[in-house]
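Working notes, beginning with the structure itself.
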Number of protein chains: 2
Amino acid sequence: MTGKATWTAVPSTDPAEACPIAPVVDIVFSRWTTPILWTLNMHGRQRFVELERRITAITPKVLTQRLRQLERDGMILRTYYPEVPPRVEYEITELGRTLGPLFANLADWATTNLPKVDAARHDYDADPAR
Amino acid sequence: MTGKATWTAVPSTDPAEACPIAPVVDIVFSRWTTPILWTLNMHGRQRFVELERRITAITPKVLTQRLRQLERDGMILRTYYPEVPPRVEYEITELGRTLGPLFANLADWATTNLPKVDAARHDYDADPAR
DNA sequence: CGGTATCCCTAGGGATACTG
DNA sequence: CAGTATCCCTAGGGATACCG
């Protein structure tokens with residue numbers, strides 16, 4: 001991101017206004033980060049290819065981008081082994097692991113409430129008055 | 001968008017692969033939805049303009065889009081009063097309210113861990129080896 | 001293996017009107 | 001007030017190819 005601030009130095013649109021959890025959302029729930037964190041949390045230390053294989057449909061470019069970002073945010077740790085062929089392993093950090101309970105809660109919420117969301121959608125779509 | 005459905009069983013790229021909370025993330029943590037839900041949860045029943053004013057920088061178009069989506073998902077309820085001038089009030093549903101504890105957890109996490117994220121970023125950026 | 005380097009492309013917003 | 005209607009625009013991915 002060598003961006004050339006088009007029109008402002010201040011963060012442009014700011015969803016964080018009056019919403020204290022917006023920064024967390026950016027870090028943890030932006031595109032692809034949740035699957036990555038989840039996978040690392042569930043299956044432990046893994047190599048690049050393993051992540052690639054588990055997180056279907058992500059391209060290496062994007063996987064690298066997200067991994068770097070998560071590394072910078074202190075959520076994951078990258079370890080490089082200068083062997084031949086090279087080996088790199090990713091693992092979740094202690095900080096990243098603090099998300100565990102949160103993820104568990106989310107999973108619970110999903111189990112009990114996703115069906116309700118589906119029902120709500122069905123109802124909404126079935127209403128002819130729309 | 002007056003449309004109904006347009007569902008398509010997500011033929012596109014699917015981050016949900018092997019990540020059970022991905023659907024929740026789509027519903028609750030996609031752009032602008034968190035601030036909307038948060039605001040509605042904190043300040044209760046509100047009119048369109050109030051939301052507009054509290055969630056700085058959101059445009060009416062996008063606010064409408066997200067509100068409709070959240071309504072369809074059963075997270076919020078829209079009530080229309082055919083007065084002059086017209087009045088519309090939005091409130092969080094019971095289903096939406098079940099997110100309360102989750103949001104609280106997230107806020108807690110933010111309080112104790114966002115500083116660590118900042119520190120990690122600083123460290124990462126300070127390392128000349130990059 | 002573990003990534004870069006390019007090119008490309010479109011959906012999702014933003015800005016700016018306008019209306020019932 | 002509570003939205004629509006347009007137009008526009010770019011950042012964020014995807015696809016593909018290549019490298020140490």
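In what follows, every chain begins at residue 1, and chains take the letters A, B, ... in the order their sequences are listed.
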(request) Give the angle between the helix axes at the two ends of the helix from C:dC1-D:dG20 to C:dG20-D:dC1, taking five base pairs at each end and rounding to 10°. (result) 60°

(request) Give me the residues of residues 63-71 of chain B where at least one heavy atom lies under 4.0 Å from an atom of DNA chain D, by number, or none. (result) B:T64, B:R68

(request) Using whole Å, report how far CG of B:D26 lies from P of C:dA11. (result) 16 Å

(message) To check you understand the geometry: which heavy-atom pair defines the closest contact between A:L40 and A:I92, and what is its length?
(response) CG-N, 4.3 Å

(request) Taking all heavy atoms of A:R78 and all of A:E71, pick out the closest pair and write down the distance. (result) CB-OE2, 3.8 Å

(request) Provide, to the nearest angstrom, the distance between the CD atom belonging to A:E83 and the C1' atom belonging to D:dG20. (result) 15 Å

(message) Assess, by modelled atom type and distance only, whether the side chains of B:Q69 and B:R72 contain a donor and an acceptor separated by less than 3.5 Å.
(response) no

(request) Take the protein atom CD1 of A:I55 and the nucleotide atom C1' of C:dG3, then report the distance between them rounded to whole Å. (result) 16 Å

(request) For atom NE2 of A:H43, decide whether the heavy atoms of other residues, nucleotides or ligands shown that lie under 6.0 angstrom number more than 12. (result) yes

(message) For B:E94, is the CD atom crowded, meaning more than 12 foreign heavy atoms sit under 6.0 Å from it?
(response) no

(message) Should the side chain of B:K61 and the base of C:dG14 be counted as holding a donor-acceptor pair, with the cut-off at 3.5 Å?
(response) yes

(request) Could you check how far CD of A:E50 sits from P of C:dG2, rounded to whole Å? (result) 8 Å

(request) Round to a whole Å and report the spacing from CD1 of B:I58 to P of C:dT16. (result) 17 Å

(message) So if I take every side-chain heavy atom of B:V49 and compare against C:dG14, D:dC1, C:dG2, which nucleotide ends up nearest?
(response) D:dC1

(request) Could you tell me the separation between the CZ atom of B:R53 and the P atom of D:dC1, rounded to a whole number of Å? (result) 6 Å

(request) Pick out which of B:L95, B:T93, B:D73 makes a side chain to side chain contact (heavy atoms under 4.5 Å, CB included) with A:K116. (result) B:L95

(message) Distance check needed: C:dC1 P versus A:R78 CZ, whole Å only.
(response) 16 Å

(request) Would you please confirm or rule out a distance under 4.0 Å between OP1 or OP2 of D:dG12 and any side-chain N or O of A:R31? (result) no

(request) Quickly work out the A:F48 CZ to C:dG2 P distance and round it to whole Å. (result) 8 Å

(message) Please say yes or no: joined through hydrophobic side-chain contacts below 4.5 Å, possibly via intermediate residues, are B:L102 and A:I27 part of one cluster?
(response) yes

(message) To the nearest 0.5 Å, what is the distance between OG1 on A:T33 and CE on A:M75?
(response) 9.0 Å

(message) Distance alone, cut at 3.5 Å: any donor-acceptor contact between the side chains of A:Q65 and A:R68?
(response) no

(message) Using OP1 and OP2 only, check whether a side-chain N or O of A:Y90 sits under 4.0 Å from C:dG3.
(response) yes

(request) Indicate yes or no: at least one non-hydrogen side-chain atom of A:F29 is less than 4.5 angstrom from one of A:L106. (result) yes

(message) Can you work out whether B:P60 or A:R87 has the more 5'-proximal nearest nucleotide on DNA chain C?
(response) A:R87

(message) Just N and O in the side chain of B:Y80: are any of them under 4.0 Å from OP1 or OP2 of C:dG20?
(response) no

(request) When you get a sec, tell me which of C:dG14, C:dC1, C:dG3 is the closest nucleotide to the side chain of A:V88? (result) C:dG3

